[in-house]
Structure formats: structure tokens, C-alpha cells
Amino acid sequence: MKTISDLRAKFITGDYTPVDAVEEALAVIKEKDGNIHAFLDVYEDALGEAEKATKEYKEKGKDIPPLLGVPIALKNNILVKGRKATGASKILENYKAVYDATIVAKLKEAGAIIVGATNMDEFAMGGSTENSAFGPTKNPVDTERVPGGSSGGSAASVAMGAVPVAIGTDTGGSIRQPASYCGIVGFKPTYGAVSRYGLMAMGSSLDQAGPLTNTVADAELVHDIMSGLDKMDGTTIDKDTYPELPVKEKYTFGVPKHFLADGIDPDVLQAFNDHIELLKKAGHEIVDIELPLFEQGLASYYIVMPAEVSSNLARYDGIRYGHSAEGDTLLDVYEKSRAEGFGAEVKRRILLGTYVLSAGYYDAYYGKAELVRKKMREELKEVFKKVDVILTPTTPTPAFKLGEKSDPLAMYKQDIFTVPVNLTGVPALSFPMGEVERDKKSLPVGVQYIGPHGSDSKLFAIGKTIYDKRG
Ligand code: GLN
């Protein structure tokens, strides 16, 4: 298992250098990625940067940026100047980014070395990475199964041991769900904590970028580097405005039992109950909570998200960038470019979104869903007066087999525990809570710790004591 802190300690002593680390990352990719397909692009020239970083360690010793020489992988909906940014869509197959996303500029500034771009569901729409226009990614834990999605390539790149950290984006669970399926840590920040400038927009009121790592401490380190106010994204917030949330020894955890009543795999429920026992033994308090509106989360999400998707994806018109089809009229070019360039799931969501935003249906669908969303926030605020953290499993099942969920609704149901978090804008951390047996294989499953608005650092503090320090 690779961690940033181990790498950094070794870099400082000089026993192991950034050149060694990047060579190793490239070697792991070469050995395993033919089968796993976590990467859409591998940057061999990363070695040049690794040489520079190695020199810097020799010259400066300890006084160096926090990620200097650390190999990292980025989901391919994050813009890196001069590199292909495809969003795993045919429509952007040969598109190259013309600027760095704010988070990329920050990661580079901190010394991280980007070794490649990871596979994903097309424009981040999906939960298995099977919607990639360039073929699916396999789960390194069991290659018959999906790694989850949409940041499946990012999760797999960490789980296969190529990099200690990969960046994903999360609109309805796309960091936490693959983290759960691949047995690693994933973090979805408070909405506005991380700049969205230079990320391909899916659902702009829901999207956040975050880390996938092997430890909570690493996730915190990388999140701290990526987050902060950015004049290029007006929704970013100043960390100083976050509420004071004291770090305590013992916490109160709320469990929405009614919400876990059906549709959840009994083995996952068992692992979840075992995790609760572990918390009780450590002296934490567990209380039952009611979150009736959370049950409406999926229904609201699958209205709000496609509405935003339909307007965000209007920009892919065959004129400004990406694939452009021949046509007799301008409208013809639009229609053909979009028909040829987008995959089935993306088209489905554009249609759904256009429908719910249309004049006659706006109030009945979009208006209602936004109302539910507002009520969900109020409901959550009340609950957080009584508890520090809300606990749910991250996903209702372990990783499923490739091709198993051909019905879109079956796929959407995997998001039941994750979408309420995006709808309400709060942060959530997922880390492994145990394993369940399937076909004589042990598959990891994650637990989700949901905190109130702005509680990002508190979630890390709790996660570090519970997960990183586990016996
Ligand atoms: N699986 C969810 C969806 O398909 C979440 C996607 C995401 O977070 N990008 O919309």
C-alpha cells in the first residue's frame, strides 16, 4: 500500500527518489493496465519532472513543497494544459486542454507529478465506468467486477498500486462509490470548498473534486492543497467562514435505521452493524435518527442532475471543440455531431433534463425537486443539532459484475446513500468498513461518514482515529 507520507519520508532520506517513484508508477501501469484499463493516457515525460524533483530534494532537504515528487493520476474530466481532456467521450476524443484547472495548478505548485489521466463514465455519468467511450475499467480486487464510477479509473489506479493518490469528481457519489468498491478512501468536500474551474461541468450545483487515497491522512493533505477561495469559481468559500467544530474524544453518531430498511445487501448491513459495534466499543455514542426526506434523494437527484446536465452539455455542439460532423446547415452540424459524439447514457440524461426544464413541466418536476432539496437541507440541519456525524454504508452492495446492471434504474439505485450528500452540499468521507464474500472472493465495502456544512477537517480528524489507526 502506497502512502504520501511514506514516500515523502523516503524522499527526504534519499533512499528512494521521485525518479524511483515515477519509474515504479509507470512500471505498475505497464504491467497491470493492459488488463485493468484504469488509464486513458500515460505521461511518460513525467520522468523529466521526477528528475527535477529528485535534484530539489538533494539541494533543499526538508524545505520543499508538500507533494514534491509524488506521482498522481487525474480523472480525465480535469483540464491539464496541453494534455488530452476527453471526459471519456467520443465527442472530445482528440481535444486538448488549453489551460490548467485551478486544482491542477495547485497540485503542480505543491510538487505533484501527474503520471496519467484516468478512465471514467462518459462526462461522469454512471456508476461503473462502463459508460466510457473507450471501454470499461476492471476492479483490481476482482477483475470480473466493475471498479464503480464514475471515477472508476481513479479508484483503480490507487487500488492497483500505481499511485498513492488520484483525483476524482463527485456529483452524486462518483468518488465515494468507487472508493467503496475498490477498498480505499474517498472524500467528497463541502460544496464550494474546492474550485470547479477547469473541471468539465456535469451538475454544477452538485459537482466537487476530491481525493482517492489509501489513508485518511493522505486524503486530508491533498484536499487541503486543492481547496480554498478561487476568483474563477464564484461558489468557492473561504475556509475562515466555516463553523468552529471542536475535535472531541467521543462523538455522537446518528444512524438513519429506517433508511437502511430495504434494498440493502444483508452482508453489507452486517458489515455496517459490525462497524457500529466497533464505534460503541471505542466509547462513541450511537443514536437513531429520522431522515424521511433522504428517501426522496434519488428521485430529486435524477431530476436536478439531468436538468443541469442538459444545459451544461449544450456547449458540445460540433463547432467550438471536439468532434464535428459534416452537415448542410448549422442545425444539421449540431445534430449530427451530438448524435455521433455522445453515448447512450449521456443522451438519456440530456433528454430527461430537457423534458423536466420544458415550460409545461418545469414546476411539476424541477421546481418540486428543488423544493425537496431545500427541505432536505432543513431536515439535515435539525439532525446535526443532535449528532456529530451521520453514518450509512457508502453503497447498498459490493462491486457488481461487468455487464450485470444493464437496466439504468438498477444502476441508479447504487447511488441511494450518496446523492443526498450532494443535494445538500455537505461533506462525506468513505473508507473501508469490512469485506463481504462473493464467489469465494472477499470484496471490500465502505462506510460513509456525513458531516455538517464545513466540517471537512473534523471528518478527517475522526476518520484518522478510526480508520488510519485501526489495529
Ligand atoms: N452514479 C451517479 C450518476 O450516475 C453519480 C455520478 C457522479 O457523481 N459523477 O449520476
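Just so you know, ligand 1 is whichever comes first in the structure, and atom 1 is the first atom listed for that ligand.
- Residue Thr169 places no N or O, backbone or side chain, under 3.5 Å from any N or O of ligand 1.
- At least one N or O atom of Gly172 sits closer than 3.5 Å to an N or O atom of ligand 1.
- Considering backbone and side-chain atoms together, Met202 places no N or O closer than 3.5 Å to any N or O of ligand 1.
- Between Thr354 and Leu351 the shortest side-chain heavy-atom distance does not fall below 4.5 Å.
- At the shortest separation from atom 6 (C) of ligand 1 among protein heavy atoms lies Ser174 OG, 2.8 Å.
- Contact annotation for Gln414 and ligand 1: no heavy atom of the residue comes within less than 4.0 Å of the ligand.
- Using 4.0 Å as the threshold, Arg349 has a heavy atom nearer than that to some atom of ligand 1.
- Here Tyr302 has side-chain heavy atoms under 4.0 Å from ligand 1, and that is the only part of it that gets that close.
- Contacts between Ala124 and ligand 1 below 4.0 angstrom, taking non-hydrogen atoms only, involve backbone and side chain alike.
- A heavy-atom separation below 4.0 Å is not found between Tyr412 and ligand 1.
- Looking at Ser430 and Ser180, their side chains never bring a donor and an acceptor atom within 3.5 Å of each other.
- With a 4.0 Å cut-off on non-hydrogen atoms, Asp415 touches ligand 1 through its side chain and not its backbone.
- Comment: Arg338 does not engage Asp317 in a salt bridge, judged by the lack of any side-chain N to carboxylate O separation of less than 4.0 angstrom.
- In this structure, Arg83 forms a cation-pi arrangement with Tyr43, its terminal cationic atom sitting closer than 6.0 Å to the ring centre and no more than 45° off the ring axis.
- Note that Lys81 lies outside the cation-pi zone of Tyr99, set by a 6.0 Å cut-off to the ring centre and a 45° limit from the axis.
- Using a cutoff of 4.0 Å between basic side-chain nitrogens and carboxylate oxygens, Arg438 and Asp267 are scored as salt-bridged.
- For ligand 1, the atoms sitting less than 4.0 Å from at least one non-hydrogen atom of Tyr301 are 2 (C), 3 (C), 5 (C), 6 (C), 10 (O), numbered in the order shown with element in parentheses.
- Although no hydrogens or angles enter the test, the distance criterion places a donor-acceptor pair under 3.5 Å between the side chain of Asp121 and the main chain of Glu130.
- Of the candidates Asp41, Thr118, Thr86, Asn76 forms a side-chain hydrogen bond (donor to acceptor under 3.5 Å, both in side chains) with just one, namely Thr86.
- Considering backbone and side-chain N/O atoms, Gly149 never comes within less than 3.5 Å of an N/O atom of ligand 1.
- The salt bridge (Lys or Arg N to Asp or Glu O under 4.0 Å) search around Arg470 returns none, not counting sequence neighbours.
- Looking at ligand 1, you won't find any N or O of Asp170 less than 3.5 Å from one of its N or O atoms.
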